[in-house]
Enquirer: 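Here it is, the structure, as structure tokens.
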Amino acid sequence: MKASLFISLSAVWIPLAAQAIINGGFATNPFLRGVVKVNDDCTGALIGNKCVLTAHHCLAKNRLGEVMLPVFKSSVVMESTTKSKIVSSSSPGFSDKRCYDMEIAVLAQPHNMGYNLTNNSVQGQNVAVAGWGFLGDYTIPKVLQFLQYTSKAKIVPADGIIVPVPDGASGIAFRDSGGPLFVCQDDKCFVAGVANGKANGSTLVKTEHRWCDVSSNWAWVTETVKASCL
């Protein structure tokens, strides 16, 4: 893992009061324009040629809707007027042994710029997150937010990927649900998880954030991508 690769993904920082991902910064690398807004209240990542990976609860109760496809403009990844309808979606089966809050949505138009996924363990790895969550004044941001966590990831089989948050605040916020967790290896970055929220048992003293891991749902992911996303 090269920490410098994360640094290159986001180099512009903004005051705390203006943040969506808490203590994050503007996403300044065009690589991150594949992080989309799902139905104005969640985040997702483009995969395959015409799909989005997000959280199951973002599309629960047969609510399909649409995604906003951002653009890279003025050195940041920002909101655009380009949207694509979701025509179908599916999720992995229930399990009490893994995190299954994950959904793959199929779009009406191909995007042809999906992220690579990984089923490698991120135990002890540096990880980063991007999302379209609320700003400090509860308005929806026009620029994608990005953060590299200061703590390393750990794997908890029944819960997924857990990242400790030493200051109790930094990281994902409301409407970042479904957003991608990135891990970088050498000169490439992969999506390893889907934002789910605070981990079970989190308190003000001990806060941890949770992602459903791609690796524990790998068979379903690869089957769905092959059938619906290429």
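Bear in mind that the values here come from a model prediction, so they are computed numbers and not experimental data. The basis for the numbers below is simple: all heavy atoms, side chains too, and nothing from hydrogens, waters or symmetry mates.
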Enquirer: Indicate the atoms forming the closest heavy-atom contact of L64 with I86, along with that distance.
Expert: O-CD1, 3.2 Å
Enquirer: Please identify each residue that fulfils side chain to side chain donor-acceptor pair (under 3.5 Å) with K152, with sequence neighbours left out.
Expert: N126
Enquirer: How far apart are the closest heavy atoms of I155 and Q123, and which atoms are they?
Expert: N-OE1, 2.7 Å
Enquirer: Please report the C-alpha distance between L53 and V214 in whole Å, then the side-chain angles of each, then the deciding distance to 0.1 Å, and finally whether the side chain to side chain contact (heavy atoms under 4.5 Å, CB included) criterion is met.
Expert: CA-CA 10 Å; L53 179 67; V214 170; 4.2 Å; yes
Enquirer: Could you check whether any side-chain N or O of R175 sits under 3.5 Å from a backbone N or O of T43, counting only pairs where one atom can act as donor and the other as acceptor?
Expert: no
Enquirer: Could you check whether any side-chain heavy atom of P70 comes within less than 4.5 Å of a side-chain heavy atom of V36, counting everything from C-beta outward?
Expert: yes
Enquirer: Do the side chains of V129 and H209 get nearer than 4.5 Å, heavy atoms only?
Expert: no
Enquirer: If two hydrophobic side chains count as joined below 4.5 Å and joins carry through other members, does V191 share a cluster with W220?
Expert: yes
Enquirer: Between the main-chain N or O of P164 and the side-chain N or O of S151, is there a donor-acceptor pair closer than 3.5 Å?
Expert: yes
Enquirer: Can you name the residues that form a side chain to side chain contact (heavy atoms under 4.5 Å, CB included) with N120, not counting sequence neighbours?
Expert: T118, Q185
Enquirer: Go through the steps to decide whether F26 and L32 satisfy the test side chain to side chain contact (heavy atoms under 4.5 Å, CB included), and finish with yes or no.
Expert: CA-CA 11 Å; F26 292 142; L32 292 168; over 6 Å; no
Enquirer: Has N49 got a side-chain atom pairing as donor or acceptor with P110's backbone, closer than 3.5 angstrom?
Expert: no
Enquirer: Could you give all pairs that pass the ring pair (Phe, Tyr, Trp, His ring centres under 6.0 Å) test and reach residues 65-92, with sequence neighbours left out?
Expert: none
Enquirer: Suppose we screen for side chain to side chain contact (heavy atoms under 4.5 Å, CB included). Which residues come up paired with T222, at least two apart in sequence or across chains?
Expert: W218
Enquirer: If two hydrophobic side chains count as joined below 4.5 Å and joins carry through other members, does I162 share a cluster with V127?
Expert: no
Enquirer: Apply ring-ring contact (aromatic ring centres under 6.0 Å, His included) to Y100 and list each qualifying residue two or more places apart in sequence or on a separate chain.
Expert: F94
Enquirer: Sequence neighbours left out, what pairs pass salt bridge (Lys or Arg N to Asp or Glu O under 4.0 Å) with at least one residue falling in residues 209-225?
Expert: none
Enquirer: Does I104 offer a backbone N or O that forms a donor-acceptor pair with the side chain of S89 under 3.5 Å?
Expert: no
Enquirer: Test side chain to side chain contact (heavy atoms under 4.5 Å, CB included) on S75 and T28 and set out the steps.
Expert: CA-CA 6 Å; S75 299; T28 61; 5.8 Å; no
Enquirer: Scan W211, F190, F31 and name whichever one has a ring pair (Phe, Tyr, Trp, His ring centres under 6.0 Å) with F182.
Expert: F31
Enquirer: Using modelled atom types and a 3.5 Å cut-off, is there a donor and acceptor pairing between side-chain atoms of W132 and backbone atoms of G44?
Expert: no
Enquirer: Taking salt bridge (Lys or Arg N to Asp or Glu O under 4.0 Å) as the cut-off, I'd like each qualifying pair that reaches into residues 154-172, sequence neighbours left out, listed once.
Expert: K154-E208
Enquirer: Tell me, please, which residues at least two apart from Y115 pass side chain to side chain donor-acceptor pair (under 3.5 Å).
Expert: none
Enquirer: Among residues at least two apart in sequence or on other chains, which ones pass side chain to side chain contact (heavy atoms under 4.5 Å, CB included) with T82?
Expert: L69, S80
Enquirer: Does E66 have any side chain to side chain contact (heavy atoms under 4.5 Å, CB included) partners at least two apart in sequence or in another chain, and if so, which?
Expert: N39, K83, K85
Enquirer: Is any side-chain heavy atom of I161 closer than 4.5 Å to a side-chain heavy atom of L181?
Expert: yes
Enquirer: Scan residues 89-110 for pairs that pass salt bridge (Lys or Arg N to Asp or Glu O under 4.0 Å), counting only residues two or more places apart or in two chains.
Expert: none
Enquirer: Scan for disulfide bond (SG atoms under 2.5 Å apart) pairs involving residues 194-230, sequence neighbours excluded, and state none if there are none.
Expert: C51-C229, C99-C212
